[in-house]
Amino acid sequence: MERAVISPSLNQNYLLCPSRAFSTRLHSFSSSTRNLSPPSSSSIKLQHSSSSSSVLSSVSNGGASLTRCNAVLSNSSSTEVSELADIDWDNIGFGLKPTDYMYVMKCNIDGEFSKGELQRFGNIEVSPSAGVLNYGQGLFEGLKAYRKEDGNNILLFRPEENANRMRNGAERMCMPAPSIEQFVEAVKETVLANKRWVPPLGKGSLYVRPLLMGTGAVLGLAPAPEYTFIIYVSPVGNYFKEGVAPINLIVENDFHRATPGGTGGVKTIGNYAAVLKAQSIAKAKGYSDVLYLDCVYKRFLEEVSSCNIFIVKDNVIATPEIKGTILPGITRKSIIDVARTQGFQVEERNVTVDELLEADEVFCTGTAVVVSPVGSVTYKGKRVSYGEGTFGTVSKQLYTVLTSLQMGLIEDNMNWTVNLS
Ligand code: COI
């Protein structure tokens, strides 16, 4: 990614940007630092090379590798872009890449959240008796930030929806939750503080992971007396190893993800631990993920371990309705709205496994997976394939509209994106 190009006309008015090696050292000596001002305003002017990528140069500084950003060029063709972290943006995948800062906000015994603050990203300390560790009192969220074409502006996708869903989940799990304003402000601050980790347009996104957990000590079964809200972020690429190629699902007949009256409809951490067994068995057999059926009739589709499911038949789109056992996905909801504005009929209802096997097209939606085409489904040993190894026509259309909107490539008539710069 780094290239040694220094403009001869550049004076010594440059910025030294921490490279990975440098930021690691920073982390280790400042882990107890509090109230750090985020380097979010370190937006600089970079000269465009012919390939239009940022012009960066490596310099050596007493053994520490620093990246020099060619700054403040008066060239009128220069565009305002922010510095980028020094990683291989072409191979990000979906794994944690520690970034610079995380956001931490505590809630005391009176249910009041204190003012949160940015801290260096790092480990946290909790009591072995914390509610989250002993009784699973925890929720998480997931949303994404995209870098716009100009290289500087960042778009968040519907953060208030995540705030709202966390509040609903907290109510179910007997936890206090940040207000919608607190949540959205915290997300903005965290993303801006980690701005250099937002991938260039087309290379991925910054995945934002808010957590809410009972960190107060309990022994008898009860809600924890104190709570912690944390946001960390990581640049991500495609969720499935297949990339944007179709995934292969197995319909699970024995394990269930959720039960009526349970917590399947909220984003509690235990829902995800509960699917690991079926998922690992499926992966060992070569499947990408598991599709769950309802636990009463074993006949109606629920969701995949990490995403919601849609089928298309004769150009009509159907997806399981939200009824307490299915996560109300924000991408699910957005795709339904996008599809309707594109003129499709969309039905939220019970969808049977027989309909799945007869469908023209099947696809999944989720923050992490975005829109993922399904290439095959295996049910009781019978494998049914869809399409020609690529996106189906309908899912491709919906994927294109949604992602163009998320990346700011088309006008946001839905008013879903939040611009940060
Ligand atoms: C998301 O899509 O954001 C999720 O929370 C799913 C998770 C399994 C990565």
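Start at 1 and go down the list; that is how both ligands and their atoms are numbered. In this text the structure is predicted, and so the values were computed from the model without any measurement.
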Expected list for residues 366-375: side-chain donor-acceptor pairs under 3.5 angstrom, two or more places apart:
{"unit_1": "Thr367", "atom_1": "OG1", "unit_2": "Gly142", "atom_2": "O", "d": "3.4"}

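Between Tyr239 and Phe94, the ring planes lie perpendicular to each other; the angle is over 60°, past the 30° to 60° tilted range.
Formation of a donor-acceptor pair under 3.5 Å by the Asn162 side chain with backbone atoms of Glu141 is not found in this model. Judged by distance alone, the side chain of Asp294 and the main-chain N or O of Val296 form a donor-acceptor pair under 3.5 Å.
Aromatic ring centres of Tyr272 and Phe140: separated by under 6.0 Å.
In this structure, ligand 1 sits under 4.0 Å from heavy atoms belonging to Phe140, Gly142, Tyr207, Arg209, Tyr239, Lys267, Ser306, Thr367, Ala368.
Between the side chains of Asp289 and Ser306, at least one donor N or O sits under 3.5 Å from an acceptor N or O.
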